[in-house]
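All figures in this text were calculated on a predicted structure; none of them were measured in a lab. In what follows, every chain begins at residue 1, and chains take the letters A, B, ... in the order their sequences are listed.
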Amino acid sequence: MNVGIENSAQVTVVLPQGRLDFAASPGFQAELEQAIADGTRQGVIVDCAALDYVSSAGLRAFLVAAKAAQRAGRYFGLCNLKPGVREVFDLSGFSRIMPVHADRVAALAALASAL
Amino acid sequence: VCESVWCTPEEPGRGSTGDGAPFPPRPARLAVSGGASDAPGAPRGPLHAFAHRFVGADGAWARPFDNLILAFIALSLLSVGLEAALELPAWALRPLQVAETVVVLVFSFEYVLRLIDAERKIAFVFSFYGIVDLLAIAPYFLAGVDARYLRALRVLRMLRVLKLQRRVLEATVVERTRELAEKHAALVATQATLNAELEAARALQLAILPATFPAREGCEGAARMIPATTMGGDFYDFIELADGRIGLVMADVSGKGVAAAFFMAVARTNLRERALRHSDPGACLADVNGALCAQNPMDLFVTVFYAILDPGNGRLCYANGGHNRPYVRRASGGIEVLGGAGGLALGVLPGEPFPTHAFALSEGDRLVLYTDGVTEAFNRGAEAYGDERLRAELNVGPDGAPQALLERICASVASFADGAAQSDDITLAVLSWRRGQVEVEAIRARTGAQTERFA
């Protein structure tokens, strides 16, 4: 899968595209961990506007990233989830343990107020 | 008497899901052809057979002839070197000229043989070595015509050193081919060992999935797990509780393969053990969640639907740890979802609550438990099977035994996937419930009595 990265002064925005399945999740997880490990920014936002599908292995990548962010004291949040992806996050309960925002403006506002 | 139908899990890729991801992947054939061991085809006549014997890659005299050429290359380089480096007296030039003539004749002989042996003559003539070979001999013949102007071409004889390169390259190819063959054999052996280990682990994993549904009057069940790879992360289970009720489990570990299978075994053992201590499904999942969070170094998790069925009255109580909501196909025709607030997938956060909900099955209802491998089976166009298709399949009548419904759904998923590789484990369980025979007879007796009274 393609993963876009947009860096600004405060935040790294990660943009996964297509299907996040068993095969794609290790690469995606590595991108997230690298972004979280970047000490010059305050947090990571995953913009899921182009994410079509998440398998349970993909969910695990989000979980590992959320835990890593918590340990590192950085913000980690999601935004722009398509309905099918949103359903997976809701069913598994993951939308209750990591912030899920409607759009990027809301995510950036949450990041700003969290710090 | 209760009839139990419980089918054993299938092999990946076999049966109703059609073409699953093949495992183990066939070892890619290592490219060892094109080297010295590759026969360029059958002889095309006596002349070709003769030439092939000398210069063919597998020619009978190719090796000694090659050594002979090597010796002549050395001799020729020596003579060229001597001639160029030293001002030789006239008596010394004569043997060198003879040697030069012999060398050129041998090289010419070799060139002609190679030309005859080559399948594509033009390509040989204009190939790198074809040109080198020609340049190695051409100056001799050309210089013989007009020595004054073409003597400069003799410099080209130095190119004979390039003929050595062919020899070195061929030796390298032979060596590399042998190395590749050895590595390939080692890979095949390693893979065979690995496959045997995986096969043993797979057999062990499938063996811990229940082979039969517990014998209970009025209950009938069928289940199937089709792993996407050798080992699966999905599992189903039923647990005979002390009070006569039956625990029903449908679960899905994140990911697939060996890591998921290990976590599956841990989760399944924890769940089975703790189910015996809890009469409430939610309390049981909370207990299991705590245990899994304490032994989860890889941040794996498992979604679990856990229900307890009272076979006596059809009452279900259930709790959901992040799993797909099961369906109840009513005997009357409708489809209902076993919903209500669920908990988080297990193994993520300790201390999470798992609310318990209740549902009353009616006579002839079908309970359908599944993992997302069913609804997220993809076809070649990357389209998912989806909830709608599953619900539509549940609505198809007439009602048969759970086994028949299970087969029908599996066939529907397989036909939808149409040979696309299976991306996730597919697990499905179907249960039907009706009152035990004794109670049914008692009701019949009661209604019969009522009928008589009305009559």
Side-chain angles (χ1 to χ4, degrees), chain A residues 1-2 16-33 36-37 44 46 48 50-72 76 78 81-100, chain B residues 21 228-229 232-234 251-257 259-260 263-264 285 289 293 296-305 320-325 337 339 341-355 371-373 375-378 382-384 386-387 421-425:
Chain A
M1 92 183 300
N2 280 329
Q17 290 153 25
R19 286 168 46 86
L20 180 54
D21 56 14
F22 183 73
S25 57
F28 177 64
Q29 188 180 318
E31 291 281 2
L32 287 185
E33 285 177 333
I36 288 162
V44 174
V46 184
C48 301
L51 183 62
D52 298 323
Y53 168 73
V54 178
S55 79
S56 60
L59 278 183
R60 181 174 164 269
F62 281 100
L63 174 63
V64 170
K67 288 190 172 180
Q70 197 173 26
R71 278 192 301 272
F76 180 76
L78 287 66
L81 275 65
K82 290 185 178 182
V85 172
R86 174 82 209 201
E87 194 188 345
V88 172
F89 272 85
D90 287 345
L91 262 184
S92 61
F94 276 40
S95 49
R96 285 190 277 121
I97 58 167
M98 54 189 84
V100 177
Chain B
T229 60
D234 282 7
D252 181 357
V253 173
S254 52
K256 58 185 175 183
F263 198 72
M264 168 268 192
L285 288 192
N289 181 46
C293 286
N296 189 5
M298 282 188 65
D299 285 324
L300 291 169
F301 57 88
V302 55
T303 66
V304 182
F305 177 85
N320 196 338
H323 196 78
N324 299 56
R325 293 169 182 149
V337 177
L344 192 59
L346 277 64
V348 177
L349 270 184
E352 278 285 300
F354 295 89
T371 61
D372 58 9
T375 45
E376 289 166 19
F378 289 92
E383 186 189 359
D387 293 301
Q422 185 185 330
S423 61
D424 198 2
D425 306 330

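- With a 4.5 Å cut-off on side-chain heavy atoms, A:V64 and A:L32 do not count as touching.
- Residues B:A251 and B:V302 come closest through the heavy atom pair CB-CG2, 3.9 Å.
- In this structure, the portions of A:L91 lying under 4.5 Å from any heavy atom of chain B include both its backbone and its side chain.
- Contact check for A:F62 versus A:L20: side-chain heavy atoms found under the 4.5 Å cut-off.
- For A:A66, the side chain to side chain contact (heavy atoms under 4.5 Å, CB included) test picks out A:F76, A:M98, with sequence neighbours left out.
- Heavy-atom distances place both the backbone and the side chain of A:L59 under 4.5 Å from chain B.
- In this structure, B:G343 and B:F354 approach most closely via the heavy-atom pair CA-CD2, 3.7 Å.
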With side-chain contact (heavy atoms from CB on, under 4.5 Å) as the test, would you mind laying out the steps for B:L344 and B:F301 before giving the verdict? CA-CA 10 Å; B:L344 192 59; B:F301 57 88; over 6 Å; no
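- Residues A:F94 and A:V100 form no side-chain contact, since every pair of their non-hydrogen atoms from C-beta on lies 4.5 Å or further apart.
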Inter-chain donor/acceptor N,O pairs below 3.5 Å: chain A to chain B:
unit_1: A:Y53; atom_1: OH; unit_2: B:E376; atom_2: OE1; d: 2.8
unit_1: A:S56; atom_1: OG; unit_2: B:G255; atom_2: N; d: 3.2
unit_1: A:R60; atom_1: NE; unit_2: B:M298; atom_2: O; d: 3.0
unit_1: A:R60; atom_1: NE; unit_2: B:D299; atom_2: O; d: 3.3
unit_1: A:R60; atom_1: NH2; unit_2: B:M298; atom_2: O; d: 2.7
unit_1: A:K67; atom_1: NZ; unit_2: B:D299; atom_2: OD1; d: 2.9
unit_1: A:S92; atom_1: O; unit_2: B:A345; atom_2: N; d: 3.0
unit_1: A:R96; atom_1: NH2; unit_2: B:G342; atom_2: O; d: 3.2

